[in-house]
Amino acid sequence: MRYWLFKSEPNSFSFDDLRAETNQTTGWDGVRNYQARNFLRDDVHSGDLILFYHSNAEPAVIAGIAEVVGEAEPDPTAFDPKSKYFDPKSNPDLPVWFQVAIRAVRSVDPPLSLHLLRSRPELAEMELLRKGSRLSVQPIQKNEWDAIMRLIDADTHTQPSQPRTLRKRSQGTK
DNA sequence: GCCAACGTTGGC
DNA sequence: GCCAACGTTGGC
């Protein structure tokens, strides 16, 4: 089982958009970079877990966690002349581009900002934090994943829960 | 909107 | 195979 970070621009496809899909699942199509393609085709497998990252966003954040729910298959958008991801180099007999299906697991609320990730020494080696890093499918090391899960847990617990008065009321009398 | 960093293309 | 020109990404 491996861990990954997938980038998406939220004004194009956000984590909430993923959650709104049927079965909260979608094909991760449109990847048009060879290094990312190789990861998708060769190394990403069913059951792997994904940090769903919002790039080109204010702020840029990890917005959710998803999982891989199938093995790689040819990216059908590459065959579709009407798609903005159409690529005549790819055809069903010899596909160039691949996708995997991913399903939302949970949102990260509040989301974890890029700024916070940068502040953590244990994450200093993350590909995402490298200057000039543009790779849209990145491997995440287990120690990085674990550190990020701790940040998520810590952050979630410092969130104000329901206003006290409201909580009391909802607990009823006794 | 700016622009640095990066990937791709294509002439040679 | 080199590399300049170009297009894209993505933080700021």
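Each chain gets a letter, A, B and so on, in the order the sequences are listed, and its residues count up from 1. In what follows, every heavy atom counts, from backbone to side chain, and hydrogens, waters and symmetry copies are set aside.
For the ring pair (Phe, Tyr, Trp, His ring centres under 6.0 Å) test, no residue two or more places apart in sequence or in another chain qualifies with A:Tyr85.
Boundaries of the chain A contact region on DNA chain B are B:dA5 to B:dT8, first to last in 5' to 3' order (nucleotide atom under 4.0 Å from a heavy atom).
A salt bridge (Lys or Arg N to Asp or Glu O under 4.0 Å) check over residues 85-94 of chain A, counting only residues at least two apart or in different chains, returns the pairs A:Asp87-A:Lys89. Residue pairs meeting the salt bridge (Lys or Arg N to Asp or Glu O under 4.0 Å) criterion with at least one member in residues 129-143 of chain A, sequence neighbours excluded, are A:Glu127-A:Arg130, A:Lys142-A:Asp146.
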Without placing hydrogens or testing angles, list every side-chain donor-acceptor pair under 3.5 Å for residues 114-121 of chain A, not counting sequence neighbours.
| unit_1 | atom_1 | unit_2 | atom_2 | d |
| --- | --- | --- | --- | --- |
| A:Arg118 | NH1 | A:Leu129 | O | 3.2 |
| A:Ser119 | OG | A:Leu116 | O | 2.6 |
| A:Arg120 | NE | A:Glu122 | OE2 | 3.3 |
| A:Arg120 | NH2 | A:Glu122 | OE2 | 3.4 |

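When every heavy atom of A:Ala72 is checked against every heavy atom of A:Arg41, the shortest pair comes out as CB-CA, 3.8 Å.
Along DNA chain B, the nucleotide nearest A:Arg32 and the nucleotide nearest A:Asn56 are compared for position; the residue whose nucleotide lies closer to the 5' end is A:Asn56.
Other cluster members for A:Trp97: A:Tyr34, A:Val96, joined by side-chain heavy-atom distances under 4.5 Å among Ile, Leu, Val, Met, Phe, Trp and Tyr. Hydrophobic cluster of A:Phe98: no remaining members, since no ILVMFWY side chain lies below 4.5 Å from it. Hydrophobic clustering, defined by side-chain heavy atoms of Ile, Leu, Val, Met, Phe, Trp and Tyr closer than 4.5 Å, groups A:Leu18 together with A:Trp4, A:Phe6, A:Phe13, A:Phe15, A:Trp28, A:Val31, A:Phe39, A:Leu40, A:Val44, A:Ile50, A:Phe52, A:Val68, A:Val100, A:Ile102, A:Leu135, A:Val137.
Across residues 124-134 of chain A, A:Lys131, A:Gly132, A:Arg134 each have a non-hydrogen atom less than 4.0 Å from an atom of DNA chain B (numbered order).
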